Amino acid sequence: ASCSAPANKELFTVNSPNVVYTDSEIRTKYAYRTTSVTEGADGKFVATPKETLYDFKVDRKIPKTGMMLVGWGGNNGTTVTAGIIANRLGLSWDTREGSRAANYYGSVVMGSTMKLGTNAKTAKDVNIPFHDVLPMVHPNDLAIGGWDISGLNLSASMDRAGVLEPTLKAQIKKQMAEMVPLPSIYYPDFIAANQEDRADNCLPGSKASMEHVEQIRKDIRDFKAKNGLDKVIVQWTANTERFAELVEGVNDTADNLMKAIENGHAEVAPSTVFAVACILEGVPFINGSPQNTFVPGCIEFAEKHNSFIGGDDFKSGQTKMKSALVDFLISAGIKLTSIASYNHLGNNDGKNLSSHKQFRSKEISKSNVVDDMVEANSVLYKKGEHPDHTVVIKYMPAVGDNKRALDEYYAEIFMGGHQTISLFNVCEDSLLASPLIIDLVLIAEMMTRIQWKAHSTDGAATKEFGNFHSVLSILSYMLKAPLTPPGTPVVNALAKQRGAMTNVFRACVGLEPENDMTLEHKLF
Ligand code: NAI
Ligand code: DG6
């Protein structure tokens, strides 16, 4: 029956013949409307509205979920763990500026809202928390575990990170001290040589092997069993690795990648070994660092196993501003001509990035973030034309995790004039990254419970329900260099990335995409 009482405590129901609630599922029929464009010989376009009908099915049972972090003992790993524990316990603590309480600021899922619709009586917007649009896991309920090549317990590594206030740390010290990272895989050539002195918790072997893959798989299974979990999501928040060379016969196909792991090939990175282990376990794997973990063979492997992957590189501060600001400038018809981005930071991430090959991975992911916006505007930019873009990162131990990011945007305005925008962004890097880690876990988990099939008018019909594509491009908002299904466009513009996320979620409960036409307030 349509609109039976929801099994979970959902904040709203959708009153529509296209939406059916059962105890276990929300089933929706959804008309997806796009515009198909053809170009004639005369260079003129013909735009044809197109409609595809989809069925969506959302599993309403919220699973008991675990988050396993690779690099658990690092700044992000310890900060996100402490943050979740503090929220779970409802802690507050003294600082020199007064009392502070645990919160999830910076998490789109936990801290932002979306418009549900317009109040039938008052005509005012009704906004609801993002977290309540679909039946999502709450971060307080996540079981947390992971690996690190450094064997310090989480309390000691939280102290090493130097991010959180002593008055908070004192309250969670005991719980944190009981958490100890599992031994991890360490292939010294992939991260900076300056990391060697913390690598005291490593599995034997310094090259890829099936033993490593199997050990990681076992670790995941053991964690799941020990905590009575339905699901686990694994995320790489370990050091930035150098790029793996793309070698034909080694990492170009799924089969070759597996052979390369069996043969201990030197171009298989630890992060790729983790990805392969997760794919074999059917566990989503997200890469929060910039390196090319997802070599073509790894993407093909995920597709073959119908397992989810997402990446690359958390988009926390400077790049998040960039993907909003550049979108604004170019959409405003202003011709951005150069971006100079400087960073200095003093945490272990900065230390690792002071090595050239690892810096290069970060430089690449920080540099490509305006490409789609430039390419989309043929009025301002000729084919192939691009603003100058420089990225500099310097290690400055004294500032610790308090990263400084300085940006200058230089643009050409009306009649040969210039606009210069300077930004100076200072904040604890790990306090920006931690909520992203949470969002990535919650959204990736949600995507494992959404299925679709097309019963279409345009020839795209599919008989059986299936998952979204293995490459979860819906995670793009949280990532600097979004991975998309092979052959599909990358979207960097922040507002579009948010739109994709919110509108896919809305579609799953039969709601139209958010639009800002507000005709109800314009036509009387
Ligand atoms: P961190 O250096 O404090 O932590 C990394 C941890 O990974 C260390 O504890 C290290 O021992 C461990 N590690 C290295 N190789 C490992 C392996 N093979 N297996 C298991 N553990 C391993 O760095 P932080 O600040 O936590 O950042 C983590 C990653 O996230 C870095 O790659 C960084 O570039 C990236 N990132 C950080 C952002 C931020 O705002 N903090 C934003 C965007 C990306
Ligand atoms: C210096 O840029 C260190 C990096 O790890 C960044 O802090 C991190 O990638 C966050 O970058 P962004 O550009 O999102 O602030």
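One-based numbering, in listed order, for ligands and for the atoms of each. Values in this document were obtained by computation on a predicted structure and should not be read as measured data.
Residue Asp429 places at least one N or O, backbone or side chain, under 3.5 Å from an N or O of ligand 1. For Ala433, no nitrogen or oxygen atom sits less than 3.5 Å from a nitrogen or oxygen atom of ligand 1, counting backbone and side chain alike. The shortest N or O to N or O distance between Asp148 and ligand 1 is below 3.5 Å. For a threshold of 3.5 Å applied to N or O pairs, the pair formed by Gln195 and ligand 1 contains no separation below that value. Not one N or O of Asn347 is nearer than 3.5 Å to an N or O of ligand 1, by distance alone.
Taking the side chain as every heavy atom from C-beta outward, Leu436 and Lys320 approach each other to under 4.5 Å. No side-chain heavy atom of Pro296 sits less than 4.5 Å from a side-chain heavy atom of Ile299. A 4.5 Å side-chain heavy-atom check between Trp147 and Ile185 finds every atom pair outside the cut-off. Contact of the Asn251 side chain with the Val268 side chain is not registered, since no non-hydrogen atoms from C-beta on lie closer than 4.5 Å.
The closest protein non-hydrogen atom to atom 14 (O) of ligand 2 is Ser316 N, 2.8 Å. Among all protein heavy atoms, the one lying closest to atom 44 (C) of ligand 1 is Asp313 OD1, 3.1 Å. Nearest protein heavy-atom contact of atom 3 (O) of ligand 1 is Asn75 N, 2.8 Å. Remark: minimum distance from atom 28 (C) of ligand 1 to any protein heavy atom is reached at Thr237 O, 3.1 Å. Nearest to atom 26 (O) of ligand 1 among the protein's heavy atoms is Asn76 N, 2.8 Å. Scanning the protein heavy atoms around atom 23 (O) of ligand 1, the nearest turns out to be Asp349 CB, 3.9 Å. With respect to atom 15 (O) of ligand 2, the closest heavy atom belonging to the protein is Gln318 N, 2.7 Å. Among all non-hydrogen protein atoms, the one lying nearest atom 8 (C) of ligand 2 is Lys480 NZ, 3.4 Å. For atom 5 (O) of ligand 2, the nearest non-hydrogen atom of the protein is Asp349 OD2, 2.5 Å. Among protein heavy atoms, atom 2 (O) of ligand 1 sits closest to Asn348 ND2, 2.7 Å. In this structure, atom 5 (C) of ligand 1 lies nearest to the protein heavy atom Asn239 OD1, 3.1 Å. For atom 13 (O) of ligand 2, the closest heavy atom belonging to the protein is Thr319 OG1, 2.4 Å. Closest to atom 7 (O) of ligand 2 among all protein heavy atoms lies Asp429 OD2, 2.6 Å. The nearest protein atom to atom 43 (C) of ligand 1, hydrogens excluded, is given as Phe314 O, 3.1 Å; this is a heavy-atom distance.
Which of Ala238, Gly288, Gly71 comes nearest to atom 29 (C) of ligand 1 through a heavy atom is settled by distance: it is Ala238.
Put simply, part of Trp236 is less than 4.0 Å from ligand 1, judged by heavy atoms. Remark: distances from the non-hydrogen atoms of Ile185 to ligand 1 include one below 4.0 Å.
In the model, Asp371 has a side-chain atom that pairs as donor or acceptor with a side-chain atom of His386 under 3.5 Å. Looking only at atom types and distance, the side chain of Ser341 has no donor-acceptor partner in the side chain of Lys366 under 3.5 Å away. Side chain to side chain, Gln318 and Asn425 fail the donor-acceptor criterion of an N or O pair below 3.5 Å.
The side chain of Leu345, and not its backbone, has at least one atom closer than 4.0 Å to an atom of ligand 2 (non-hydrogen atoms only; side chain from C-beta on). Under 4.0 angstrom from ligand 1, the non-hydrogen atoms of Lys480 all belong to its side chain. Contacts between Arg198 and ligand 1 below 4.0 angstrom, taking non-hydrogen atoms only, involve the side chain exclusively. With a 4.0 Å heavy-atom cut-off, ligand 1 is reached by no atom of Leu353. Contacts between Leu353 and ligand 2 below 4.0 angstrom, taking non-hydrogen atoms only, involve the side chain exclusively. Residue-level proximity to ligand 1 for Lys362 is carried by the side chain, the only part with a heavy atom below 4.0 angstrom.
In this structure, His418 has its ring center closer than 6.0 angstrom to the ring center of Tyr410. Note: His131 and Tyr104 fail the aromatic proximity criterion, with ring centroids not under 6.0 Å apart. Between Phe468 and Phe308, the distance separating the two ring centers is not shorter than 6.0 angstrom.
The main-chain N or O of His265 is never found under 3.5 Å from a side-chain atom of Asn263 such that the two would form a donor-acceptor pair. Looking only at distances, a side-chain donor or acceptor of Thr272 sits under 3.5 Å from a matching main-chain atom of Thr293. For Asn76 (side chain) and Ala433 (main-chain N/O), no donor-acceptor pair under 3.5 Å exists by modelled atom type. Panel note: side chain Lys335, backbone Ala411; no donor-acceptor pair is recorded below 3.5 Å. A distance-only check finds a donor-acceptor pair linking the side chain of Ser361 to the backbone of Glu241 [under 3.5 Å]. Formation of a donor-acceptor pair under 3.5 Å by the Glu214 side chain with backbone atoms of Ser209 is not found in this model.
Within ligand 1, counting atoms from 1 as listed, the ones closer than 4.0 Å to a heavy atom of Gly73 are 9 (O). Counting atoms of ligand 1 from 1 in the listed order, those under 4.0 Å from a heavy atom of Ser184 are 17 (C), 19 (N), 20 (C). Atoms of ligand 2 lying under 4.0 Å from at least one heavy atom of Lys403, given by number and element, are 1 (C), 2 (O), 6 (C), 7 (O), 10 (C), 11 (O), 12 (P), 15 (O). Within ligand 2, counting atoms from 1 as listed, the ones closer than 4.0 Å to a heavy atom of Ile393 are 1 (C), 2 (O). Taking a cut-off of under 4.0 Å to the non-hydrogen atoms of Lys366, the atoms of ligand 2 that pass are 2 (O), 11 (O), 12 (P), 13 (O). Of all atoms in ligand 1, numbered sequentially from 1 with element shown, those under 4.0 Å from a heavy atom of Val70 are 19 (N), 20 (C). In the vicinity of Lys315, heavy-atom distances shorter than 4.0 Å reach the ligand 2 atoms 14 (O). Near Lys362, meaning under 4.0 Å from any of its heavy atoms, are these atoms of ligand 2: 4 (C), 5 (O), 8 (C), 9 (O). Atoms of ligand 2 found under 4.0 Å from any heavy atom of Gly317 (numbered from 1 in listed order, with element): 12 (P), 14 (O), 15 (O).
Using cut-offs of 30° and 60° on the angle between ring planes, the pair Phe285 and Phe274 is parallel.
Note on Arg360 versus Glu363: salt bridge recorded, some NZ/NE/NH1/NH2 to OD/OE distance being below 4.0 Å. A salt bridge links Glu267 with Arg242: the closest approach of a Lys/Arg side-chain nitrogen to an acidic carboxylate oxygen falls below 4.0 angstrom. Ion pairing of Glu445 with Lys231 is present here, as a side-chain N (NZ or NE/NH1/NH2) and a carboxylate O approach within less than 4.0 Å.
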Would Arg160 and Ser150 count as a side-chain hydrogen bond (donor to acceptor under 3.5 Å, both in side chains) if you check the C-alpha gap in whole Å, the side-chain angles of each, and the deciding distance to 0.1 Å? CA-CA 11 Å; Arg160 174 176 61 188; Ser150 159; 3.0 Å; yes
